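None of the values given here were measured: they were computed from a predicted structure.
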Amino acid sequence: MEVLDREQLSIVAELTLSYRPKIRPSQRPTVQTSSEVYDILVGFWNMDEIELRETFCVMLLNTKNRVLGIVELSNGGFSSTVADIRMVFSVALKACARSIVVAHNHPSGYLKPSSADLELTSKLVAAGKILELPVHDHLIITSEGYLSLADEGYMR
């Protein structure tokens, strides 16, 4: 087994996220309600696949709830996708977001959160509190509408 020297050990793999806004801050949409978040997400979502497979996205917000960007973190199958909490917050921290909203779709069109949805939301809220990076909402999106876990009282 080769022993690495000090210089080799100081080289650490790093994830690089590029953020070069093409929109001035004053032109960014501001979101205050779940319906405003939904309206923006629908414009971003691949509506050709909304009933085909699950996708998980993160909306990054600044201190004034202006949208810094939306990141598609995963695409899955018919009934699930991976939502890695570490990836959610690594993207948010790298983009200097002050808060986030997460969203995923239910290809079935069913707007009731699953136990996995509720568990993920709980973990995201807890992690956000530790990082002082609040999770304002978790939307479940279908081709016909949405459900806001915040509006339904699940964001604790």
Side-chain angles (χ1 to χ4, degrees), residues 15-23 25 27-156:
L15 173 70
T16 303
L17 177 69
S18 176
Y19 184 70
R20 294 183 183 97
K22 296 181 182 189
I23 301 170
Q27 294 175 313
R28 296 177 185 282
T30 302
V31 293
Q32 300 296 332
T33 66
S34 61
S35 64
E36 291 171 339
V37 170
Y38 173 72
D39 289 342
I40 292 170
L41 286 172
V42 165
F44 172 82
W45 220 270
N46 181 348
M47 297 308 280
D48 292 336
E49 294 185 356
I50 197 163
E51 294 180 13
L52 176 64
R53 63 180 175 168
E54 276 199 25
T55 299
F56 187 88
C57 294
V58 179
M59 179 181 282
L60 307 166
L61 304 172
N62 72 8
T63 55
K64 300 293 184 189
N65 284 347
R66 289 191 181 270
V67 179
L68 297 172
I70 300 169
V71 179
E72 184 178 296
L73 284 183
S74 69
N75 278 304
F78 296 124
S79 60
S80 67
T81 192
V82 175
D84 188 319
I85 294 169
R86 294 167 297 182
M87 289 295 292
V88 169
F89 286 103
S90 68
V91 168
L93 290 168
K94 285 272 219 175
C96 296
R98 284 293 292 131
S99 61
I100 61 173
V101 173
V102 296
H104 77 283
N105 65 304
H106 279 180
S108 66
Y110 191 55
L111 280 174
K112 184 174 182 195
S114 67
S115 58
D117 294 339
L118 296 176
E119 182 179 342
L120 172 65
T121 301
S122 178
K123 287 179 180 180
L124 286 167
V125 168
K129 285 179 182 173
I130 291 169
L131 294 170
E132 297 180 3
L133 207 163
V135 181
H136 289 309
D137 205 345
H138 182 168
L139 269 63
I140 298 172
I141 296 174
T142 71
S143 61
E144 297 183 320
Y146 75 98
L147 174 104
S148 160
L149 272 67
D151 292 352
E152 297 297 319
Y154 289 111
M155 306 292 294
R156 295 180 216 140

Enquirer: Please list all pairs meeting ring pair (Phe, Tyr, Trp, His ring centres under 6.0 Å) that have one or both residues in residues 71-98, counting only residues at least two apart or in different chains.
Expert: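 For residues 71-98: none.
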Enquirer: Residues in salt bridge (charged side-chain N to carboxylate O under 4.0 Å, His left out) with Glu119, at least two apart?
Expert: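 In terms of salt bridge (charged side-chain N to carboxylate O under 4.0 Å, His left out), with neighbours along the sequence ignored, Glu119 is linked to Lys123.
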Enquirer: Side chain to side chain donor-acceptor pair (under 3.5 Å) with Glu36: which residues, sequence neighbours excluded?
Expert: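 In terms of side chain to side chain donor-acceptor pair (under 3.5 Å), with neighbours along the sequence ignored, Glu36 is linked to no residue.
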Enquirer: Taking only residues two or more places apart in sequence or in another chain, which ones pass side-chain contact (heavy atoms from CB on, under 4.5 Å) with Ser74?
Expert: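 In terms of side-chain contact (heavy atoms from CB on, under 4.5 Å), with neighbours along the sequence ignored, Ser74 is linked to Phe56, Thr81.
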Enquirer: Answer yes or no: is there a side-chain heavy-atom contact under 4.5 Å between Thr142 and Ile50?
Expert: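 When only atoms from C-beta onward are counted, Ile50 and Thr142 do not touch, as no gap falls below 4.5 Å.
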Enquirer: Do any pairs count as a salt bridge (Lys or Arg N to Asp or Glu O under 4.0 Å) and have a residue in residues 66-91, sequence neighbours left out, and if so which ones?
Expert: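 Residue pairs with at least one partner in residues 66-91: Asp84-Arg86.
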Enquirer: Mind checking the SG-CG spacing from Cys96 to Leu133? Nearest 0.5 Å is all I need.
Expert: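 Cys96 SG to Leu133 CG: 10.0 Å, rounded to 0.5 Å.
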Enquirer: Partners of Ser114 by side-chain contact (heavy atoms from CB on, under 4.5 Å), sequence neighbours excluded?
Expert: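 Here the qualifying residues are Ala116, Asp117.
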Enquirer: Going by side-chain contact (heavy atoms from CB on, under 4.5 Å), name the residues that satisfy it together with Glu132, two or more places apart in sequence or in a different chain.
Expert: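 Partners of Glu132 by the side-chain contact (heavy atoms from CB on, under 4.5 Å) criterion come out as none, since no residue qualifies.
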Enquirer: With rounding to the nearest 0.5 angstrom, report the CG to CE distance, Leu118 to Met155.
Expert: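 Here the rounded value is 10.5 Å.
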Enquirer: Can you list everything that forms a ring-ring contact (aromatic ring centres under 6.0 Å, His included) with His106? Sequence neighbours excluded, please.
Expert: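 With neighbours one apart ignored, the set is His104.
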Enquirer: Quick one: list whatever passes side chain to side chain donor-acceptor pair (under 3.5 Å) with Asn105, sequence neighbours left out.
Expert: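 Once residues adjacent in sequence are excluded, Asn105 has no partner under the side chain to side chain donor-acceptor pair (under 3.5 Å) criterion.
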Enquirer: Only pairs under 3.5 Å count here: list side-chain donor-acceptor contacts from residues 38-48, not counting sequence neighbours, and write none if there are none.
Expert:
unit_1 : atom_1 : unit_2 : atom_2 : d
Asn46  : OD1    : Asp48  : N      : 3.0

Enquirer: List in chain and number order the residues that pass side chain to side chain donor-acceptor pair (under 3.5 Å) with Ser143, two or more places apart in sequence or in another chain; answer none if no residue qualifies.
Expert: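 Glu51.
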Enquirer: Which value, rounded to the nearest 0.5 Å, describes the distance between Leu149 atom CG and Leu139 atom CG?
Expert: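 Here the interatomic distance stands at 8.0 Å.
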Enquirer: Please lay out, stage by stage, how Ser34 and Asp151 fare under the test side-chain hydrogen bond (donor to acceptor under 3.5 Å, both in side chains).
Expert: CA-CA 8 Å; Ser34 61; Asp151 292 352; 2.5 Å; yes
Enquirer: Suppose we screen for side-chain contact (heavy atoms from CB on, under 4.5 Å). Which residues come up paired with Arg53, at least two apart in sequence or across chains?
Expert: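 Per chain and number, Arg53 pairs via side-chain contact (heavy atoms from CB on, under 4.5 Å) with Glu49, Asn75.
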Enquirer: Considering non-hydrogen atoms only, spot the tightest contact between Ala95 and Leu68 and give its length.
Expert: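 Result for this residue pair: O-CD1, 4.0 Å.
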Enquirer: Tell me, do Leu120 and His138 make a side-chain contact under 4.5 Å, heavy atoms counted?
Expert: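 Of all side-chain heavy-atom pairs linking His138 with Leu120, at least one is under 4.5 Å.
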